Amino acid sequence: MISEGKTKKVEDLGSEVILHFKDDITAGDGAKHDVLEKKGTICSEITSRLMKYLNEKGVHTMFLEYLPPNKIRAKKLKMIPLEVIVRFKKAGSFIRRYGGNEGEELPAPLVEFTYKNDQLHDPLMCVEHLEVLGITNREIALKIIEEAKKAGIHLKEFFEKHGLELWDMKFEFGIDENGQVCLGDEISPDTMRLRKSGEIFDKDIYRRDLGNPLEKYEVVLNLCQSISL
Ligand code: CDP
């Protein structure tokens with residue numbers, strides 16, 4: 001059984017899944033779309049290595065095995081339809097909603113929930129919305145906040161060691177067969193803002209029509225190759 005999203009296909013093997021990373025890149029709720037050769041390979045390897053790193057730091061992730069060139073074998077999760085954003089610096093939709101300047105440090109790491117729904121343009125949600133609308137319960141929501149911060153802080157430290165600033169990132173969580181909150185989906189320059197004194201290493205290159213982003217994605221991949229698989 002296969003289901004297909006904008007950038008990945010999911011093959012259901014029962015208690016496990018195989019995620020196929022496609023070469024597609026999209027922005028603006030799917031309004032902008034292109035196919036970039038090798039993107040699936042680059043993003044699946046980066047995701048594999050970063051999830052391996054997080055597993056070793058005690059963060060539960062779906063990751064089981066990298067299947068080159070563009071697949072990941074993973075635990076099957078019951079996904080929660082939320083985009084969980086962790087921010088260290090102000091950018092993007094944070095500035096559109098709350099003001100401030102790009103790159104300004106937040107006084108503390110911030111976790112935001114948005115409902116994964118392109119038609120509604122991923123509305124921001126409070127824990128109360130999650131409970132009342134039956135998306136998830138308070139206990140799981142609070143656990144997600146804790147795990148997202150922990151994962152974000154470990155990733156920030158990793159990139160800092162390699163000379164890059166991690167400004168923000170998006171995670172998706174699910175529940176595994178033991179009831180454990182577990183990190184799923186993808187962690188790549190498609191889902192993070194990575195900067196080095198004004199230089200962009202993430203999907204903002206594509207969002208802002210600044211050329212083919214894969215050259216910079218490869219730099220990120222090279223850093224991640226310090227994490228063994
Ligand atoms: O990208 P935009 O300014 O619309 O959204 P944001 O809320 O500022 O995005 C915060 C972080 O989450 C960025 O690193 C985005 O790349 C990532 N994100 C994502 O991966 N997928 C989304 N649907 C929305 C945000």
Side-chain angles (χ1 to χ4, degrees), residues 5-8 19 21-22 24-34 36 39-40 42-44 46-47 50-51 54 61-62 79-106 108-126 129 135 144-145 147-149 151-156 158-160 164-174 183-196 198-210 213-214 216-217 219-221 224:
K6 283 182 284 189
T7 58
K8 285 184 267 330
L19 298 182
F21 283 63
K22 306 196 291 186
D24 300 65
I25 185 164
T26 68
D29 296 333
K32 190 166 148 85
H33 174 227
D34 285 277
L36 304 175
K39 178 179 172 278
I42 294 169
C43 289
S44 60
I46 293 173
T47 297
L50 291 178
M51 285 203 181
L54 291 176
T61 83
M62 66 170 187
M79 293 305 293
I80 301 164
L82 291 175
E83 304 207 328
V84 181
I85 294 170
V86 184
R87 301 183 189 272
F88 298 109
K89 294 203 168 194
K90 297 178 189 175
S93 69
F94 179 89
I95 293 176
R96 293 196 293 277
R97 283 195 194 98
Y98 308 107
N101 298 310
E102 175 150 291
E104 262 170 22
E105 184 103 22
L106 287 158
L110 175 69
V111 179
E112 295 177 339
F113 293 115
T114 70
Y115 185 41
K116 208 173 142 70
N117 185 315
D118 280 349
Q119 266 146 24
L120 297 175
H121 307 293
D122 301 342
L124 195 63
M125 296 243 164
C126 306
H129 289 98
I135 296 168
I144 290 175
I145 293 174
E147 289 293 295
K149 273 192 200 170
I153 288 166
H154 283 303
L155 292 173
K156 182 171 183 277
F158 171 80
F159 284 112
E160 237 160 42
L164 287 186
E165 286 178 11
L166 176 58
W167 285 12
D168 60 28
M169 73 226 75
K170 184 261 310 182
F171 295 129
E172 292 182 30
F173 288 90
L183 185 56
D185 193 53
E186 170 171 0
I187 320 173
S188 78
D190 260 18
T191 62
M192 299 184 273
R193 285 195 169 95
L194 284 166
R195 301 294 155 96
K196 183 189 200 166
E199 207 179 342
I200 307 176
F201 290 80
D202 55 67
K203 197 160 93 173
D204 275 354
I205 300 170
Y206 177 74
R207 290 190 188 97
R208 299 181 190 174
D209 290 318
L210 301 174
L214 292 191
K216 294 292 172 59
Y217 282 29
V219 174
V220 177
L221 173 60
C224 293

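The basis for the numbers below is simple: all heavy atoms, side chains too, and nothing from hydrogens, waters or symmetry mates. Counting convention: from 1, in listed order, for ligands and their atoms alike. Here the structure is a predicted model, which is why all the values come from computation and not from measurement.
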Discussion item. Distance to the ring centre below 6.0 angstrom and angle to the axis at most 45 degrees; does that hold for Lys156 and Phe88?
Written reply: yes
Worksheet item: Centre of Phe21's six-membered ring, under 6.0 Å away, within 45 degrees of the axis: is that where NZ or CZ of Lys39 sits?
Response: no
Worksheet item: Should one rank Glu186, Arg193, Glu112 by closest heavy-atom distance to atom 3 (O) of ligand 1, which comes out on top?
Response: Arg193
Worksheet item: To which protein heavy atom is atom 18 (N) of ligand 1 closest, and what is the distance rounded to 0.1 Å?
Response: Lys170 CB, 3.6 Å
Practice prompt. Could you find the nearest protein heavy atom to atom 7 (O) of ligand 1 and give me its residue, atom name and distance?
Written response: Ser93 OG, 2.5 Å
Worksheet entry | Part of Ile85 with heavy atoms under 4.0 Å of ligand 1, whether side chain, backbone, both or neither | side chain
Worksheet item: What do we get for Lys203 next to ligand 1 when only non-hydrogen atoms under 4.0 Å count, side chain, backbone, both or neither?
Response: neither
Any idea which atoms of ligand 1 are less than 4.0 Å away from a heavy-atom of [X]?
X: Gly92; value: 3 (O), 8 (O)
X: Asp190; value: 16 (O), 20 (O)
X: Met192; value: 14 (O)
X: Arg87; value: 6 (P), 7 (O), 8 (O), 10 (C)
X: Glu83; value: 21 (N), 22 (C), 23 (N), 24 (C)

Worksheet item: Do Asp202 and Tyr217 have side-chain N/O donor and acceptor atoms under 3.5 Å apart?
Response: no
Worksheet item: Are a donor atom and an acceptor atom from the side chains of Asp190 and Tyr206 found within less than 3.5 Å of each other?
Response: no
